[in-house]
Amino acid sequence: MRGFVLFIGWVIWSVVALLTTLVLEVMLAMLLYVYLDLNHREFFGVLVSWARDGMNFLLNSLQGASAELYNAANQSLAGEVAAKAFLLLVLGLFASGVIRMLAWSVRRVLRARE
């Protein structure tokens with residue numbers, strides 16, 4: 001019975017840690033996006049154009065695989081909002097990497113002190 005209770009506690013702790021990390025990642029990505037948009041307009045424009053180029057590269061890769069898939073993806077991803085959404089996705093991945101690296105570093109330092 002004790003093992004089952006420990007397992008349930010571990011599952012609850014894992015879910016709480018995962019949700020906390022997810023919320024922190026989303027908040028950091030949104031703050032970074034808004035900060036760049038408000039304070040560094042020119043650099044933000046460069047990032048959006050790079051995001052558009054990256055998205056076009058992915059769409060062109062689909063064109064060789066299937067024309068129908070390319071048309072469907074192009075219709076759903078076309079426009080200015082799509083490049084900004086792709087940029088937000090990339091910023092989210094960057095924020096996730098930074099938060100996970102910081103968590104790993106803190107965990108490593110705390111274990112080294114033991």
Problem set entry | Donor-acceptor contact present, side-chain Asn56 to main-chain Arg52, <3.5 Å | yes
Exercise. Does Ser61 reach the main-chain N or O of Phe57 with its side chain, forming a donor-acceptor pair under 3.5 Å?
Worked result: yes
Problem set entry | Test side chain to side chain contact (heavy atoms under 4.5 Å, CB included) applied to Val15 and Ile12, Leu19, Leu18, the passing residue | Leu19
Say whether [X] and [Y] are linked into one hydrophobic cluster, either directly or through other cluster members, by side-chain heavy-atom distances under 4.5 angstrom.
X	Y	value
Val48	Leu32	yes
Phe94	Phe43	yes
Tyr33	Val98	yes
Leu102	Leu24	no

For this session: Write down the atom of Ala95, the atom of Ala29, and the distance for their closest heavy-atom approach.
Result: CB-N, 3.9 Å
Exercise. Where do Ala51 and Ala83 come nearest, in terms of heavy atoms and distance?
Worked result: CB-O, 3.5 Å
Exercise. Do Lys84 and Phe44 touch side chain to side chain, with heavy atoms closer than 4.5 Å?
Worked result: yes
Taking atom [atom1] of [X] and atom [atom2] of [Y], what is their separation to the nearest 0.5 Å?
X	Y	atom1	atom2	answer
Leu87	Asp37	CG	CG	9.5 Å
Met55	Asn60	CE	CG	10.5 Å
Met1	Leu6	CE	CG	11.0 Å
Leu28	Tyr35	CG	OH	13.0 Å
His40	Leu47	NE2	CG	11.0 Å

For this session: Please step through side chain to side chain contact (heavy atoms under 4.5 Å, CB included) for the pair Leu88 and Met30, ending with a clear verdict.
Result: CA-CA 8 Å; Leu88 185 58; Met30 290 300 295; 3.8 Å; yes
Exercise. Going through the checks in order, is the side chain to side chain contact (heavy atoms under 4.5 Å, CB included) test met by Ile8 and Phe4?
Worked result: CA-CA 6 Å; Ile8 295 298; Phe4 180 72; 3.8 Å; yes
